[in-house]
Participant: 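Below is one structure. I have some questions about it.
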Protein chains: 2
Amino acid sequence: MLLYNRPQWSRKEAFPINDAFQKLDPEKQRRIWDAVIKEFAQNGYAKASTNRMVQEAGIGKGMLFYYFNSKEDLFRSALEYSIDFISRAYVEKLDFSSPDFITRMKQAVETKMRAYLENPMPFVLVANLHIHQDAAELVPDLKKRLDDMAAERMADFFANVDTTLFRDDVPPEHVLNLIRWSIDGWSNEIIASLQQVNLTDYDWDSSVKEFYEFLAVLRRVLYKEVDHGDSEGQ
Amino acid sequence: MLLYNRPQWSRKEAFPINDAFQKLDPEKQRRIWDAVIKEFAQNGYAKASTNRMVQEAGIGKGMLFYYFNSKEDLFRSALEYSIDFISRAYVEKLDFSSPDFITRMKQAVETKMRAYLENPMPFVLVANLHIHQDAAELVPDLKKRLDDMAAERMADFFANVDTTLFRDDVPPEHVLNLIRWSIDGWSNEIIASLQQVNLTDYDWDSSVKEFYEFLAVLRRVLYKEVDHGDSEGQ
DNA sequence: ACATATTTCGACCAGATTGGTCAATAAGTT
DNA sequence: AACTTATTGACCAATCTGGTCGAAATATGT
């Protein structure tokens, strides 16, 4: 509507020129996403400020509304981008082939760690969604997609686990919880300590080694006794 | 100073009349604290809105600045109140007399749960302090008091633990971590499920029973084998 | 070289929100 | 009645809000 006599140099309102953003230098895209997602993650939708976003991203105010047409579009795009990244870099790389639950958890936590280090903000946004109702209500479809994704992941995660590996004087669901919570606790502390130390000079090797030792301990206390010879491959 | 010739009906600026607030109906005090602390906990200092506070508390705007003189005073008072409550209802009730780590953890988690249910907002405020720099910077002394309190609690917690109770094919620090993380994971899930269900009709009995079973499992897998006969008293 | 198209900026807008004040009044107290 | 205390919400200047737009810079094509 009204398009016919609108001068061509102002196609702005005609349809979204998101492609202008896509054509941007990837580094700049990343800077913008970081600033935008961080602001939304910290403040939800209503209280997030587009002014602070452009300031942190180091771009002019106009550009944000040139790439995305409105704050609402921007939020939707930011969440879509986050879901895409998490799917691609984490969820789709999960490997449920092993029936050994600890092996599964190990693979999952490593994959998540790698994805988180490559691009942490999407994880933060999604994790904080549930405390910002206004944001979640704005995009019910995306919220549902996320919930479904989480539910499906959970189901896959616990499907076809070989519980006969577990010691049999303890109910298997307790063993599963124990493993889950221990590994969560471990990775939470890693992430917490990560935020205080420079990423580059963090001692990953010794951290990974500790993690493997920790998994071995879990095996020893929660699995059936096994003819020893170090069960952990790689 | 300046007190002598100031008209008595305006002692307002002379010194804080916090006592006016103290004399309030305790229920009203509580309503106000809930609103105030919630707003600060969610938004930090700068982004918290006194307007929203008075609206949620159901009092007139003027009263907030009558009880407390400024937003800054208000924040300080709110954090002091929170620290006091946490100390009184949680930290001071911790019992480190038993050398059995699981017994200690059990007592601690029960105490914290009770305190949290009685008055959750102070815990939320203190837990969120570290993600709101502006708030923490405003009251460096209180921040330090909190950090010291946490450090001291941690130290007491691990002091004089009888590690000979633990199975000796696993390093004791791993056993300690395993217990800590498992119990944290358990209580996190309780709190999460609590937020979706009506508090009054939550099935506490079965939840507590599950917790005890869970502790028994921890004992079985992490402690030395012991002549059975159910070790858990009460 | 020029002309046209695309990016980029930031001053600017009206409307909302900010922390804080204060005159008016309601509720107690003596 | 006289006086003190508690309470309100309209009001203030200052700041911030999402969003616009003209102008300038840059890229592209010829």
Participant: Does the ring centre of B:Phe214 sit less than 6.0 Å away from the ring centre of A:Trp181?
Facilitator: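 So the answer is yes for these two rings.
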
Participant: Measure CD/A:Gln22 against P/C:dT7 and give the value in whole Å, please.
Facilitator: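 Taking atom P of C:dT7 as the reference, CD of A:Gln22 is at 12 Å.
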
Participant: Starting at atom CG of A:Asp134, determine the distance to atom P of D:dT17, rounded to an integer number of angstrom.
Facilitator: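 A:Asp134 atom CG is separated from D:dT17 atom P by 15 Å.
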
Participant: Between B:Gln29 (CD) and D:dT7 (P), how many Å, whole number?
Facilitator: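 Distance check: B:Gln29 CD to D:dT7 P gives 11 Å.
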
Participant: Does B:Leu74 reach a base, just sugar-phosphate, or nothing at all? Heavy atoms under 4.0 Å.
Facilitator: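 Nothing: the residue B:Leu74, judged by heavy atoms under 4.0 Å, touches no strand.
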
Participant: Between B:Phe65 (CZ) and C:dT18 (P), how many Å, whole number?
Facilitator: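 Between P of C:dT18 and CZ of B:Phe65: 11 Å.
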
Participant: Could you check how far CZ of A:Arg76 sits from C1' of D:dG18, rounded to whole Å?
Facilitator: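 Those two atoms, CZ and C1', are 19 Å apart.
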
Participant: So for atom CD, which belongs to A:Glu27, do other residues, nucleotides or ligands contribute more than 12 heavy atoms lying within a distance under 6.0 Å?
Facilitator: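 Check fails, neighbour count at 12 or below.
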
Participant: How about A:Tyr67 and A:Trp33: are their ring centroids closer than 6.0 Å?
Facilitator: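 Centroid separation for A:Tyr67 and A:Trp33: 6.0 Å or greater.
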
Participant: Near DNA chain D, counting only heavy atoms under 4.0 Å, which residues of residues 47-56 of chain A show up?
Facilitator: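 Of all residues in residues 47-56 of chain A, the ones placing a heavy atom under 4.0 Å from DNA chain D are A:Ala48, A:Ser49, A:Thr50, A:Asn51, A:Arg52.
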
Participant: Salt bridge or not between B:Lys143 and B:Asp147? Use side-chain N to carboxylate O under 4.0 Å.
Facilitator: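 Here B:Lys143 pairs with B:Asp147 in a salt bridge, since their nearest N and O are under 4.0 Å apart.
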
Participant: Please determine whether the number of non-hydrogen atoms from other residues, nucleotides or ligands lying under 6.0 Å from atom CG of A:Asn160 exceeds 12.
Facilitator: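 No, because the 6.0 Å sphere around CG of A:Asn160 holds 12 heavy atoms or fewer from other groups.
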
Participant: Between A:Tyr66 and C:dT8, is there a contact of a side-chain N or O with OP1 or OP2 at under 4.0 Å?
Facilitator: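 So the side-chain polar atoms of A:Tyr66 never come under 4.0 Å of the phosphate oxygens OP1 or OP2 of C:dT8.
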
Participant: Please compare B:Lys28 and A:Lys71 by the position of their nearest nucleotide in DNA chain D and report the one closer to 5'.
Facilitator: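 Final value for this comparison: B:Lys28.
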
Participant: If the threshold is 4.0 Å, N to carboxylate O, is there a salt bridge linking A:Asp84 and A:Arg88?
Facilitator: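 No, this pair does not count.
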
Participant: Would you confirm whether the ring centroid of B:Trp204 sits within less than 6.0 angstrom of the ring centroid of B:Phe211?
Facilitator: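 When the ring centroids of B:Phe211 and B:Trp204 are compared, they turn out to be at least 6.0 Å apart.
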
Participant: Between B:Tyr45 (OH) and C:dG19 (P), how many Å, whole number?
Facilitator: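 So the OH-P distance, B:Tyr45 to C:dG19, works out to 8 Å.
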
Participant: Would you call A:Asp184 and A:Arg180 a salt bridge, using N to O less than 4.0 angstrom?
Facilitator: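 Here A:Asp184 does not pair with A:Arg180 in a salt bridge, since their nearest N and O are not under 4.0 Å apart.
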
Participant: Whole Å only: how far is the CZ atom of B:Phe68 from the P atom of D:dA6?
Facilitator: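 Spelled out: CZ on B:Phe68 to P on D:dA6 is 14 Å.
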
Participant: Give the rounded distance in Å between these two atoms: CG of A:Leu64 and C1' of D:dC21.
Facilitator: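 The distance from CG of A:Leu64 to C1' of D:dC21 comes to 16 Å, rounded to the nearest Å.
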
Participant: Looking only at the aromatic ring of each residue, does the gap between the centers of B:Phe158 and B:Phe101 stay below 6.0 angstrom?
Facilitator: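 Yes, they do, as the ring centres are separated by less than 6.0 Å.
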
Participant: Show me the protein contacts with nucleotides 10-14 of chain C, counting only N or O atoms at under 3.5 Å.
Facilitator:
residue, atom, partner, partner atom, Å
C:dG10, O6, A:Gly62, N, 3.3

